[in-house]
Amino acid sequence: MRVLVTGGAGYVGSVVVEELARVGHSPRVLDNLQKGHRDALAEGVPFVQGDVADRPLVEALLRDEKIEAVIHMAADSLVGESVTDPAKYWRNNVGGSLALLDSMRAANVRAFVLSSTAAVYGEPEKQPIDEDAALVPTNPYGDTKLTIERVLRTYDVAYGLRSIALRYFNAAGASERCGERHDPETHLIPIVLEVAAGTRPEVSIFGDDYPTPDGTCVRDYIHVLDLARAHVLAIESLGEGGPTRAYNLGCGGDGYSVKQVVETVRAVTGHPVPVKMAPRRAGDPAVLVASSARIQRELGWRPERQDLRVIVESAWRFLRAHSSPC
Ligand code: UDP
């Protein structure tokens, strides 16, 4: 399929683009490069620098490139920033998506995959979390993504625009050429790896008094290549006429605590990782673990790299290969 990937020069986006091309689809990338990296894309991947809210640009792109499906990953995604600057999140995540959907309707493109998030669930009591859990986001980031999911359900009914929302848990790891390069970095695994590499003095553990086995927060880390594979299955399902729906994407199991991540990085890298205890980070639920049974059952998706060691090894290889950014 001819697929437009917005935010395709970002961390998850660039791996999705790789995976689409690998299995024979034709990705095109739209990215404003505010956070993405042009060199995250292989040579030959058609690229347009621009904003999803630019109606004339996007409409022309959709028509000229005869796009059949859109994977929308261009968004802001930091929980803390969404609390201090919600206007940015409503404008970019909701406003940007609405403009993109208008362009799609005008160009008659009717298949859409949304990067959504576990943050749509807030702090559920029951783990693992399935898609029927209550949707009660506790921060503006989760709220903006849930809003677009709701918009999408009404657009299916009214305009026949079918969509799949993929609710990511903790994306991590790297492909051979693409990995995490955020500035500033806020995510646990790349931060701990930077400490192992000696470019950061220590890692702060945000709270060790949670009701978890070792007192630190537990998360469900999913390899970015497994995540990318799910996007391919999603557009193929929509291409076959599948209905609008949402899927969780995580590996399930028990998840991994912050301390287990630190231990794994020590074991993989062979380097010491100094840690310091710090207060809880506002808005962090104690445990977030997905049930991905629905996408496994309906699309045949399976995580193939769920061992944290495999995830950390890939991220470490990427960091070492790109200590000056690729
Ligand atoms: N975390 C931490 N120190 C850091 C960064 C993150 O202790 O420097 C913890 C954070 O509180 C959370 C977990 O690591 O419990 C994963 O955080 P991350 O920001 O990677 O992902 P999130 O779960 O917030 O999406």
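Along the sequence shown, residues carry numbers from 1. Here the structure is a predicted model, which is why all the values come from computation and not from measurement. Order of appearance sets the numbers: ligands from 1, and atoms from 1 within every ligand.
- With ring centers used as reference points, Tyr168 lies under 6.0 Å from His231.
- Summary of contacts: the protein heavy atom closest to atom 9 (C) of ligand 1 is Val258 CG2, 3.8 Å.
- The protein heavy-atom contact nearest to atom 20 (O) of ligand 1 is Leu188 N, 2.8 Å.
- A cation-pi geometry, defined here as NZ or CZ lying under 6.0 Å from the six-membered ring centre and within 45° of its normal, does not hold between Arg294 and Tyr247.
- Residues Lys145 and Leu114 share a closest heavy-atom pair of O-CD2, 4.2 Å.
- Protein heavy atom at the shortest distance from atom 22 (P) of ligand 1 is Asn170 ND2, 3.4 Å.
- Of all heavy-atom pairs between Ala174 and Leu225, the closest is O-CD1, 4.3 Å.
- For atom 3 (N) of ligand 1, the closest heavy atom belonging to the protein is Ser204 O, 2.7 Å.
- Among Glu185, His187, Arg281, the residue whose heavy atom lies closest to atom 17 (O) of ligand 1 is Arg281.
- Under a 4.0 Å criterion applied to the non-hydrogen atoms of Thr186, ligand 1 contributes the atoms 5 (C), 19 (O).
- Neither the backbone nor the side chain of Ala278 comes within contact range of ligand 1; no heavy atom lies under 4.0 Å.
- Listed by number with element, the atoms of ligand 1 under 4.0 Å from a non-hydrogen atom of Ile191 are 8 (O).
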>> Using the rule given for salt bridge (Lys or Arg N to Asp or Glu O under 4.0 Å), can you reason through Glu59 versus Arg63, listing the C-alpha separation, both sets of side-chain angles and the distance that settles it, and then say yes or no?
In response: CA-CA 6 Å; Glu59 217 177 294; Arg63 285 187 205 280; 3.2 Å; yes
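- The aromatic rings of Tyr141 and Tyr89 lie perpendicular to each other, with more than 60° between the two planes, well past the 30° mark.
- Nearest protein heavy-atom contact of atom 11 (O) of ligand 1 is Asp284 OD2, 2.5 Å.
- For ligand 1, the atoms lying closer than 4.0 Å to a non-hydrogen atom of Cys217 are 15 (O).
- Counting heavy atoms only, Arg219 comes closest to atom 23 (O) of ligand 1 of the residues Arg219, Arg200, Glu202.
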>> If you apply the rule salt bridge (Lys or Arg N to Asp or Glu O under 4.0 Å), what do you find for Arg245 with Glu131, and how did you get there?
In response: CA-CA 10 Å; Arg245 67 217 115 126; Glu131 291 84 352; over 6 Å; no
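- Of the polar atoms of Ile205, none of the N or O atoms is found under 3.5 Å from an N or O of ligand 1, judged by distance alone.
- Taking the six-membered ring where tryptophan is involved, the planes of His182 and Tyr11 are perpendicular, since the angle between them exceeds 60° and thus also 30°.
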> Between Asp31 and Arg38, is a salt bridge (Lys or Arg N to Asp or Glu O under 4.0 Å) present by the stated rule, with each step listed?
Replying inline: CA-CA 9 Å; Asp31 197 302; Arg38 179 68 183 88; over 6 Å; no
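- In this structure, atom 16 (C) of ligand 1 lies nearest to the protein heavy atom Tyr221 OH, 3.7 Å.
- Distance from atom 7 (O) of ligand 1 to its nearest protein heavy atom, with residue and atom name: Phe206 N, 2.9 Å.
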